[in-house]
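Chain naming here is simple, since letters A, B, ... match the order of the sequence lines and numbering starts at 1 in each.
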Amino acid sequence: MAYWLFKTEPDDFSIDDLQALGTTPEPWDGIRNYQARNLLRDVVTAGDEVLIYHSSCKHVGVAGVASVAKSAYPDPDQFDQKNKYYDPKATPENVRWYRVDVVFERKFPRFVPLGEIKAMPGMENMMLLKQGRLSIQPVTPAEWDAVIAASETDI
DNA sequence: GCCAACGTTGGC
DNA sequence: GCCAACGTTGGC
């Protein structure tokens, strides 16, 4: 069982949208970056735990937890000419892009802002801080524990 | 809206 | 294979 951080733009899809689905799995699609794709395709596994991170918005940070319901399978949008994620170089025989399904676990009792994570000791090597643009990233158990602890602590 | 980081594309 | 141009991400 591994830990991950998945980014989403809450104006598009937020932790509240995920919560509203209840136990219905949500396809985590639109990943069009090879580094993220490789992690999704080769490493992310059903049962893994995911921090849901809100990016490109007023309050950036970690909003809650989901789990991986289904491991990687081809993202059908790449074959759909009308879809914004259509990729003319992708074919069913030569799949380029993948997605996984996630399911809501919980919303944090307290949102953990990026600024707070930056200020935590020992988080200097977190990928979120080292390589800000990666949309699917691994999280170490220590990083996971620190974020969860912060979400349960009033400040 | 600005700008830094960085991934992708395409000419050579 | 190099590298400049360009596009996108994402924090502020």
Side-chain angles (χ1 to χ4, degrees), chain A residues 2-20 26-44 48-66 68 71-102 104-140 142-151 153-155:
Chain A
Y3 294 123
W4 303 94
L5 180 146
F6 288 7
K7 290 184 188 172
T8 182
E9 298 187 17
D11 295 340
D12 193 42
F13 187 83
S14 72
I15 190 76
D16 295 319
D17 296 319
L18 187 62
Q19 182 167 29
E26 167 72 7
W28 205 265
D29 52 17
I31 303 299
R32 293 294 183 270
N33 166 286
Y34 287 107
Q35 201 177 347
R37 189 281 307 268
N38 292 345
L39 290 170
L40 269 190
R41 186 189 58 191
D42 304 333
V43 194
V44 176
D48 286 355
E49 298 277 302
V50 180
L51 296 174
I52 300 298
Y53 178 87
H54 286 176
S55 71
S56 297
C57 58
K58 193 167 181 184
H59 300 291
V60 296
V62 183
V65 174
V68 178
S71 61
Y73 60 100
D75 183 344
D77 293 348
Q78 69 194 302
F79 308 127
D80 177 3
Q81 290 195 35
K82 295 187 207 72
N83 195 283
K84 70 178 278 202
Y85 293 115
Y86 173 66
D87 184 338
K89 293 179 185 160
T91 64
E93 295 76 33
N94 191 5
V95 175
R96 265 201 174 186
W97 306 111
Y98 290 82
R99 69 190 196 188
V100 300
D101 290 352
V102 303
F104 176 77
E105 290 286 334
R106 63 190 190 275
K107 183 175 174 176
F108 279 168
R110 191 180 69 80
F111 182 83
V112 181
L114 174 62
E116 199 176 311
I117 294 173
K118 282 184 179 171
M120 290 178 193
M123 300 295 259
E124 298 80 14
N125 291 321
M126 192 173 181
M127 286 202 77
L128 184 64
L129 308 184
K130 300 276 265 193
Q131 192 181 343
R133 299 177 68 214
L134 190 60
S135 56
I136 301 286
Q137 35 181 280
V139 173
T140 68
E143 290 160 358
W144 179 276
D145 290 346
V147 172
I148 299 298
S151 78
T153 305
D154 293 325
I155 52 168

The criterion is side chain to side chain donor-acceptor pair (under 3.5 Å); which residues satisfy it with A:Glu49, sequence neighbours excluded? none
Sugar-phosphate, base or nothing in reach of A:Ser56, heavy atoms under 4.0 Å: base
ring-ring contact (aromatic ring centres under 6.0 Å, His included) with A:Tyr3: which residues, sequence neighbours excluded? A:Trp144
All pairs passing salt bridge (charged side-chain N to carboxylate O under 4.0 Å, His left out) where residues 79-89 of chain A contributes a residue, at least two apart: A:Asp87-A:Arg96
In a table with atom names and distances, give each donor-acceptor pair under 3.5 Å that connects a side chain of residues 122-133 of chain A to protein atoms at least two apart or in another chain.
| unit_1 | atom_1 | unit_2 | atom_2 | d |
| --- | --- | --- | --- | --- |
| A:Glu124 | OE1 | A:Gly122 | N | 3.3 |
| A:Glu124 | OE2 | A:Gly122 | N | 3.3 |
| A:Asn125 | OD1 | A:Lys130 | NZ | 3.4 |
| A:Gln131 | NE2 | A:Gln35 | OE1 | 2.9 |

ring-ring contact (aromatic ring centres under 6.0 Å, His included) partners for A:Tyr34, two or more places apart: A:Trp97
From the 5' end of DNA chain B to its 3' end, which nucleotides mark the outer limits of contact with chain A, defined by a 4.0 Å heavy-atom distance cut-off (strictly under)? B:dA5 to B:dT8
Considering every strand and a 4.0 Å limit on heavy-atom distances, what is the contact class for A:Gln131: base, sugar-phosphate, or nothing? sugar-phosphate
Students often get this wrong, so: under 4.0 angstrom with heavy atoms, is A:Lys118 touching a base, only sugar-phosphate, or nothing? sugar-phosphate
